[in-house]
Amino acid sequence: DNNYLIKFETPIKYIINADLFMIGKKGMKLINSHYKFTNKLRIKNIEHTLGLLEIELDLINIYNYEIKKIYTEKELFYEIKQISESIDEYLLAIKYEPDIIVELKSGSKIAIEYERTQKVKTRILDKAKNYTFELGTGKYNKVIYYCGTGAIFNYLTEKCIAGIYLKLL
């Protein structure tokens, strides 16, 4: 039925054992989920989420058995929400939060950022400079920027942000 077809702007190479589904309030309670129930499916976020899944597969291939835990954006945002005293504090805290954090068994932490589409260049550069600062403080041991377009990759390459690895997805 064509009513249920979703057109993606970028080609999807592969999805392994992935299903798209909704879970209701009773299901959320059953699995003891801390996520808030929503009946809204945000189509515009699906491509970003699929890109993050592809990145996670890439990270598993690269780091294999060295991975202790992969923290997703939702998990990171939930943790920040628990310790934030106000909405303003929460919004400020998540502004520079990566899409994924990979914690290795060695204790090293890798921040993963995925820029699927071109945003305001100053915003991308500001975020990248913040990661350089966090590398200096030891919050992260490595930062990998996955770029969804050649334009983003070229822009960050041109700016030569210290310590940040770039990959074109």
Side-chain angles (χ1 to χ4, degrees), residues 6-21 35 38 40-81 90-169:
I6 299 171
K7 183 179 177 189
F8 294 98
E9 294 170 14
T10 55
I12 300 169
K13 294 178 185 166
Y14 50 82
I15 300 176
I16 299 173
N17 295 329
D19 292 317
L20 182 63
F21 63 94
Y35 296 119
T38 179
K40 296 177 186 172
L41 179 61
R42 292 179 178 91
I43 300 297
K44 67 180 184 176
N45 293 336
I46 290 176
E47 285 186 346
H48 188 263
T49 301
L50 288 173
L52 290 174
L53 286 171
E54 187 172 343
I55 289 167
E56 286 182 39
L57 291 171
D58 188 45
L59 293 167
I60 290 168
N61 285 331
I62 294 168
Y63 294 102
N64 207 349
Y65 298 106
E66 297 176 56
I67 296 174
K68 179 178 179 183
K69 174 123 173 82
I70 296 176
Y71 297 90
T72 63
E73 188 176 50
K74 280 193 176 231
E75 291 172 305
L76 297 169
F77 285 8
Y78 178 78
E79 287 178 17
I80 292 169
K81 187 177 181 183
Y90 171 75
L91 292 173
L92 183 62
I94 67 169
K95 183 177 180 181
Y96 294 110
E97 201 61 35
D99 290 311
I100 299 170
I101 294 177
V102 179
E103 185 179 353
L104 300 179
K105 291 176 183 173
S106 66
S108 294
K109 288 188 178 177
I110 304 167
I112 307 298
E113 188 62 40
Y114 175 42
E115 292 296 342
R116 188 180 75 77
T117 58
Q118 180 74 47
K119 295 174 181 66
V120 178
K121 288 183 178 181
T122 53
R123 182 175 158 202
I124 294 172
L125 189 58
D126 187 37
K127 202 166 192 177
K129 285 180 178 178
N130 185 67
Y131 284 126
T132 300
F133 173 76
E134 290 178 336
L135 282 166
T137 65
K139 181 174 181 178
Y140 303 117
N141 303 93
K142 187 175 188 177
V143 175
I144 304 173
Y145 245 92
Y146 283 83
C147 304
T149 67
I152 298 168
F153 182 86
N154 293 337
Y155 177 71
L156 288 171
T157 302
E158 180 183 295
K159 295 298 176 185
C160 297
I161 309 300
I164 295 181
Y165 295 84
L166 300 174
K167 290 187 85 169
L168 189 58
L169 188 63

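Index from 1, following the sequence.
- With V143 as the fixed residue, the side-chain contact (heavy atoms from CB on, under 4.5 Å) test singles out one of L135, N130, I112: L135.
- Taking the centre and axis of the six-membered ring of Y71, the NZ or CZ atom of K69 falls inside the cone set by 45° and 6.0 Å.
- Here the straight-line distance linking atom CD of E73 with atom CD1 of I101 works out to 10.5 Å at 0.5 Å rounding.
- In summary, the side chains of D58 and Y146 do present a donor paired with an acceptor at a separation below 3.5 Å, with no hydrogens or angles considered.
- No side-chain heavy atom of L52 sits under 4.5 Å from any side-chain heavy atom of T72.
- If you take CG on D126 and OH on Y131, they are separated by 11.0 Å, rounding to the nearest 0.5 Å.
- Between K68 and K105 there is a side-chain heavy-atom pair separated by less than 4.5 Å.
- In this structure, E113 and P98 have side chains that are in contact, with non-hydrogen atoms separated by less than 4.5 Å.
- Atoms OH and CD, on Y63 and E103 in that order, are 14.0 Å from each other to the nearest 0.5 Å.
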> Does the side chain to side chain contact (heavy atoms under 4.5 Å, CB included) test come out yes or no for H48 and D99, once each step is laid out?
Replying inline: CA-CA 10 Å; H48 188 263; D99 290 311; 3.6 Å; yes
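- Residues L57 and L53 form no side-chain contact, since every pair of their non-hydrogen atoms from C-beta on lies 4.5 Å or further apart.
- For the pair L156/I164, no side-chain contact is recorded, criterion being any heavy-atom separation below 4.5 Å from C-beta on.
- Atom-to-atom distance recorded for I110:CD1 and I62:CD1 is 8.5 Å, nearest 0.5 angstrom.
- A distance-only check finds a donor-acceptor pair linking the side chain of N141 to the backbone of K109 [under 3.5 Å].
- Here I70 contributes atom CD1 and L59 contributes atom CG; the two are 6.0 Å apart, rounded to the nearest 0.5 Å.
- Other residues, nucleotides and ligands contribute over 12 non-hydrogen atoms within 6.0 Å of the NZ atom of K127.
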>> With side chain to side chain contact (heavy atoms under 4.5 Å, CB included) as the criterion, how do Y145 and I152 come out once you've worked through the C-alpha distance, each side chain's angles and the decisive distance to 0.1 Å?
In response: CA-CA 10 Å; Y145 245 92; I152 298 168; 5.5 Å; no
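- Atom CG of L104 is separated from atom CD1 of I67 by 7.0 Å, given to the nearest 0.5 angstrom.
- Two residues are said to be in side-chain contact when any heavy atoms from C-beta on lie closer than 4.5 Å; Y114 and I100 fail this criterion.
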